[in-house]
Amino acid sequence: MIRIGLFDKTSTLQLGPGSYRVSGKVSRRSPRFKEAVKIIPTKEGFTANKERWGKQVVIEPSDRGGWSWSITVRSGAIELDRRGDGIRVVNRVSVEDYVRGVLQMETSDKWPEQALKAQAVISRTYALRNRGRHGRSGYDFCAHPHCQVYGGARAERPRTDAAVKKTRSEVLVDRKGRLITTVFHSCCGGDTESAENVWEQGGQPYLKPVKCSWCRGSPPYQWVAKVPYELVDQRIRSAGIKIGEVRAIGILSHTPSGRVYKVRLYGQQGTHDLFANKFRNIVDPHLIRSTLWTGLSKLDGSWQVHGKGWGHGVGLCQWGMKNLAEKNMSYGQILRFYYHGVEVDDWTE
Ligand SMILES: [Zn+2]
Ligand SMILES: [Zn+2]
């Protein structure tokens with residue numbers, strides 16, 4: 001089972017029409033609602049129409065009809081917890097249903113079958129390896145890009161569902177049979193990167209650079225970002241870097257794959273050195289899509305950054321995966337191309 005935090009503290013919730021099983025301190029165990037009802041926090045717990053529920057309840061659908069929430073839940077359960085003056089909402093689903101709710105959000109059901117299967121194995125491995133990531137908040141994963149984007153049943157599609165079903169229980173393991181860290185990105189721009197060149201914690205032998213000519217020509221392969229001076233000044237100030245207005249940006253070093261490794265910011269009141277990936281994340285990782293810069297200049301009140309690829313560049317390149325799948329490479333071959341020395345294995349708990 002995987003527990004996904006949908007809300008840490010929401011003030012109201014809507015529960016769709018249908019029949020439910022509710023466990024905990026409740027006035028009725030099997031309420032049926034003909035219309036959608038609002039769940040409202042009270043002193044003792046919650047009310048939903050005329051139902052009274054205690055501070056901790058678990059709700060499951062007892063008929064096959066879909067039921068609406070902020071996301072639609074077709075299987076599993078919803079746990080409600082009174083937190084302060086709000087409600088914490090956690091969706092509890094099986095690992096396979098979790099992957100079904102993630103796959104369309106991280107890919108597209110228009111992608112070739114082998115690419116969808118590769119991504120299903122990646123998402124499942126991620127889920128099993130990183131369970132408890134939000135342990136302090138009382139669940140495993142959030143529903144956002146920080147973990148994996150989870151859309152619940154609303155995100156399920158026949159083709160992505162089929163990819164999950166056909167790879168059921170399959171995960172990626174290293175030579176010792178341990179689950180690997182399945183990081184991926186949208187487009188590498190020609191070469192993937194070593195983990196240690198991007199993050200402080202790195203060194204995994206399966207996260208090493210590969211030459212990838214397969215994403216060439218994809219939409220994010222080449223880009224130009226116009227980054228206003230004020231944006232850079234404001235973001236670095238908010239990040240606690242106090243050097244005044246930035247007058248120049250110097251590139252101090254590159255990684256072997258050609259990504260910018262460290263930059264020096266020359267400000268009115270001093271200089272500051274930092275990792276290029278950190279600079280990118282501080283300023284705007286959607287605007288500065290990668291650290292594979294091919295040019296940097298000043299024009300009309302903006303920094304003009306020319307670059308290639310989208311994302312950190314470590315692990316699997318999704319556009320490369322898509323094109324390899326179109327060339328009839330199998331999902332196992334694709335995964336072994338981007339992650340060194342790994343195997344697809346069946347996971348049993
Ligand atoms: Zn998260
Ligand atoms: Zn690539």
Side-chain angles (χ1 to χ4, degrees), residues 2-9 71 88-93 95 98-99 101-102 105-107 111-112 114-115 118-119 122-123 125-152 155 181-195 197-199 206-223 255-259 281 285 289-294 307-327 329 331 333-340:
I2 299 283
R3 299 174 68 245
I4 309 125
L6 303 183
F7 300 102
D8 283 315
K9 219 173 133 186
I71 62 162
R88 187 187 70 191
V89 186
V90 170
N91 184 194
R92 202 164 67 191
V93 292
V95 174
Y98 174 67
V99 180
V102 163
M105 309 303 280
E106 300 284 356
T107 58
W111 285 21
Q114 297 301 319
Q119 188 76 39
I122 286 175
S123 290
T125 308
Y126 178 90
L128 289 164
R129 189 187 153 95
N130 296 288
R131 252 190 298 203
R133 191 164 190 216
H134 285 269
R136 284 162 114 209
S137 307
Y139 44 84
D140 293 307
F141 301 115
C142 67
H144 309 295
H146 172 260
C147 291
Q148 300 192 85
V149 183
Y150 173 71
T181 302
T182 46
V183 287
F184 62 91
H185 54 277
S186 172
C187 170
C188 74
D191 293 271
T192 70
E193 185 57 272
S194 284
N197 287 337
V198 177
W199 301 300
Y206 46 83
L207 298 178
K208 292 292 173 208
V210 293
K211 275 242 163 280
C212 165
S213 55
W214 305 103
C215 55
R216 189 172 294 156
S218 66
Y221 189 74
Q222 259 181 328
W223 48 265
T255 68
S257 77
R259 284 178 175 78
N281 282 312
R289 290 179 163 189
S290 75
T291 55
L292 191 52
W293 299 352
T294 50
K308 279 159 71 179
W310 195 342
H312 48 64
V314 183
L316 178 134
C317 163
Q318 284 187 305
W319 278 97
M321 162 178 80
K322 178 175 177 284
N323 286 327
L324 284 168
E326 274 158 12
K327 301 238 163 358
M329 208 192 241
Y331 69 104
Q333 287 173 315
I334 294 170
L335 292 166
R336 285 192 299 271
F337 176 74
Y338 288 106
Y339 302 108
H340 294 241

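Note that ligands are numbered from 1 as they come in the structure, with each ligand's atoms numbered from 1 the same way. All values below were derived from every heavy atom in this structure, side-chain atoms included, with hydrogens, water molecules and symmetry-related copies excluded.
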Side chain to side chain contact (heavy atoms under 4.5 Å, CB included) involving Arg336 - partner list, sequence neighbours excluded: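 Counting only residues at least two positions away or on another chain, Arg336 forms a side chain to side chain contact (heavy atoms under 4.5 Å, CB included) with Gln333, Val342, Glu343.
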Do Gln318 and Glu106 meet the criterion of a side-chain donor-acceptor pair at a distance under 3.5 Å?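 Result is no, nothing qualifies.
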Which value, rounded to the nearest 0.5 Å, describes the distance between Leu292 atom CG and Cys188 atom SG? 8.5 Å
So how many protein N, O or S atoms does the Zn ion (ligand 2) have within less than 2.8 Å?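 There are 4 of them.
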Would you say His312's side chain and Phe184's backbone share a donor-acceptor pair under 3.5 angstrom? yes
Just jot down the side chain to side chain donor-acceptor pair (under 3.5 Å) partners of Thr125, sequence neighbours excluded, or say none. none
Check this for me: does any side-chain nitrogen of one of Asp191 and Lys211 sit under 4.0 Å from a carboxylate oxygen of the other? yes
At a cut-off of 2.8 Å, protein N/O/S around the Zn ion (ligand 1) gives His134 NE2, Cys142 SG, His146 ND1, Cys147 SG
Distance-minimising heavy-atom pair for Tyr221 and Cys215: CD1-O, 3.4 Å
Would you say the rings of Tyr126 and Tyr98 are close, in the sense that their centroids are separated by under 6.0 Å? no
Ring-ring centroid check His134 Tyr139, cutoff 6.0 Å: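 Ring centroids of His134 and Tyr139 are less than 6.0 Å from each other.
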